[in-house]
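Okay, structure first, notes after.
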Amino acid sequence: METKVVIIDRALIRDDQLLEGAAILRKGGLVAFPTETVYGLGANALDPEAAKKIYAAKGRPSDNPLIAHIGQRSDLEVLVKEIPEAGRKLMKAYWPGPLTLIFPKSSAVPYETTGGLDTVAVRMPSDLVAKRLIELAGVPVAAPSANTSGRPSPTTADHVYEDMNGRIEMIVDGGPVGIGVESTIVDVTGSVPMLLRPGAVTLEMLCDTVGQVAVDPAVAKPMSAEIKPKAPGMKYRHYAPKAELMLVEGKEQSVSDKVVDVIANMALEKRAQGHEVGIICTDETYDRYPEEVRIRSLGQRSKEETIARNLFGVLREFDSLGVEYIYSESFSKEHLGQAIMNRLTKAAGYHILEV
Ligand code: AMP
Ligand code: MG
């Protein structure tokens with residue numbers, strides 16, 4: 001299959017550039033498109049055959065559910081059986097935006113889209129290209145991140161091309177995304193809203209809106225064999241670079257000399273053995289690491305937005321450079337930091353060294 005790339009000028013989003021993609025979606029094909037979080041791999045959420053194509057293109061296990069994206073609030077009705085009160089409040093506060101809500105599903109949503117669950121995940125993106133594409137398609141669009149299953153999510157159209165060229169009909173290139181980590185996911189089907197995946201709508205923001213919010217244990221810790229995951233997808237390895245990644249965590253919020261020394265020494269040791277080695281750090285520490293290895297800063301430590309936006313791109317860059325071992329500084333777990341550390345710890349396979 002030839003994958004067509006359509007480049008969008010964000011200064012002037014024109015319908016005629018999006019109509020072909022919208023028609024492909026409506027007819028059951030696959031179109032990758034930008035959202036404010038990461039690039040999504042879209043298909044008609046109401047078409048079971050289309051949903052199956054997503055799993056095939058990504059190599060994703062078919063019990064890992066998809067998020068249905070809508071263009072406007074009124075498109076929610078067809079997807080859900082009911083809208084719990086907490087869901088109403090959260091939608092009012094954060095839609096359109098990087099927040100996915102889990103509702104009881106309606107009979108219109110096929111089990112192929114929900115990975116066999118009786119619930120459906122729904123989000124209304126704020127990205128104007130995504131919004132217009134979905135509106136023109138005229139159907140809800142199931143869209144997981146547009147990466148090969150397990151790899152870091154794509155934050156540019158080039159990342160999507162790397163993974164999906166030849167596997168999907170079209171890539172809509174709207175430039176690099178703004179947020180860089182996937183949406184926050186909150187299950188509102190129970191008595192207390194439950195955070196399943198942290199994102200740019202932070203736990204603190206959710207609590208401001210609905211009071212109490214529970215946090216699924218899988219957000220911070222590996223899923224033990226006995227616990228049945230709330231969403232099957234939570235059990236899979238995620239966001240991972242090809243390299244072995246280790247996170248080094250100090251006792252203080254700032255990065256101590258000890259953290260820098262430990263990372264530098266481990267990196268040099270692997271380098272001396274002839275391996276390709278990468279270090280993930282911040283602007284504050286960049287100059288303190290040895291030149292013999294590849295060093296990438298995610299930005300200023302205090303600018304969490306920048307750190308989040310750069311994270312997956314650096315992991316992918318290390319993949320393309322053939323890096324075999326990555327050592328990373330760690331970050332505060334508050335606010336957006338919770339999402340950053342959630343992705344980093346999963347990418348590291350929970351390989352964390354406390355010093
Ligand atoms: P992705 O779009 O690739 O970032 O992944 C979508 C994720 O949304 C899945 O891995 C699940 O964790 C979550 N999800 C989707 N649908 C549901 C659902 N019905 N219940 C719980 N989690 C869901
Ligand atoms: Mg994903």
Side-chain angles (χ1 to χ4, degrees), residues 37 45 63-70 73 75-107 109 111 113-126 140 142 144 179 181-236 238-239 304 308 332-346 350:
T37 58
D63 65 350
N64 188 356
L66 309 173
I67 296 171
H69 293 66
I70 55 175
R73 169 72 178 70
D75 297 341
L76 182 63
E77 314 301 332
V78 62
L79 299 173
V80 302
K81 201 153 83 184
E82 54 171 323
I83 304 175
E85 186 53 28
R88 278 184 208 286
K89 288 187 184 157
L90 289 169
M91 278 190 288
K92 189 155 184 269
Y94 303 114
W95 277 13
L99 174 66
T100 296
L101 295 170
I102 312 278
F103 299 100
K105 83 171 192 70
S106 73
S107 56
V109 183
Y111 284 113
T113 297
T114 68
L117 298 174
D118 286 313
T119 51
V120 60
V122 189
R123 177 163 108 78
M124 183 158 104
S126 61
I179 294 174
V181 291
E182 304 83 349
S183 59
T184 306
I185 302 181
V186 178
D187 183 348
V188 292
T189 62
S191 52
V192 178
M194 168 90 79
L195 176 68
L196 301 186
R197 178 172 77 185
V201 173
T202 65
L203 181 59
E204 292 84 351
M205 291 160 72
L206 296 168
C207 290
D208 278 350
T209 308
V210 290
Q212 201 189 354
V213 177
V215 179
D216 192 283
V219 166
K221 286 197 202 65
M223 187 82 69
S224 75
E226 307 90 71
I227 302 173
K228 191 172 172 352
K230 182 95 182 142
M234 294 166 89
K235 71 183 180 230
Y236 295 110
H238 255 113
Y239 321 119
E304 288 177 333
S332 147
K333 293 188 188 79
E334 276 160 30
H335 304 283
L336 185 55
Q338 189 183 25
I340 295 167
M341 284 298 283
N342 169 264
R343 306 310 190 275
L344 259 177
T345 50
K346 283 187 199 282
Y350 303 94

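Keep in mind that what you see is a predicted model, and the values were worked out from it rather than measured. Residue numbers start at 1 and run along the sequence shown.
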Yes or no on side chain to side chain contact (heavy atoms under 4.5 Å, CB included) for Q338 and V219, after CA distance, side-chain angles and deciding distance? CA-CA 9 Å; Q338 189 183 25; V219 166; 4.0 Å; yes

Hey, what do you get for [atom1] ([X]) to [atom2] ([Y]), rounding to the nearest 0.5 Å?
| X | Y | atom1 | atom2 | result |
| --- | --- | --- | --- | --- |
| L203 | K333 | CG | NZ | 14.0 Å |
| D187 | F103 | CG | CZ | 10.0 Å |
| T189 | K105 | OG1 | NZ | 14.0 Å |
| L99 | T202 | CG | OG1 | 11.0 Å |
| K221 | D216 | NZ | CG | 10.5 Å |
| L206 | E204 | CG | CD | 9.0 Å |

Decide yes or no on side chain to side chain contact (heavy atoms under 4.5 Å, CB included) for V122 and W95, but give the supporting numbers first. CA-CA 11 Å; V122 189; W95 277 13; 4.0 Å; yes

Verdict with supporting geometry, I185 and I67, side chain to side chain contact (heavy atoms under 4.5 Å, CB included): CA-CA 10 Å; I185 302 181; I67 296 171; 4.2 Å; yes

Check whether any side-chain heavy atom of Y111 sits under 4.5 Å from a side-chain heavy atom of L117, and report yes or no. no

Would you say that R343 contacts R197 through its side chain, given a criterion of any heavy-atom pair below 4.5 Å between the two side chains? yes

Could you tell me which non-hydrogen atom of [X] sits nearest to which non-hydrogen atom of [Y], and how far apart they are?
| X | Y | answer |
| --- | --- | --- |
| T184 | A200 | OG1-N, 3.4 Å |
| A142 | L66 | CB-CD1, 4.0 Å |
| V181 | A339 | CG2-CB, 4.2 Å |
| A68 | L79 | CB-CD1, 4.1 Å |
| P193 | V186 | CB-CG1, 3.9 Å |
| V213 | V210 | CG2-CG2, 3.6 Å |

Between the side chains of S183 and T100, does any donor sit under 3.5 Å from an acceptor? yes

Backbone of [Y] reached by a side-chain donor or acceptor of [X] within 3.5 Å:
| X | Y | value |
| --- | --- | --- |
| S332 | G337 | no |
| T37 | E182 | no |
| T119 | I102 | no |
| R123 | G97 | yes |
| T209 | M205 | yes |

I83 vs L101, side chain to side chain contact (heavy atoms under 4.5 Å, CB included): CA-CA, chis, key distance, verdict: CA-CA 10 Å; I83 304 175; L101 295 170; over 6 Å; no

Should the pair E77-R73 be classified as a salt bridge under the 4.0 Å nitrogen-to-oxygen rule? yes

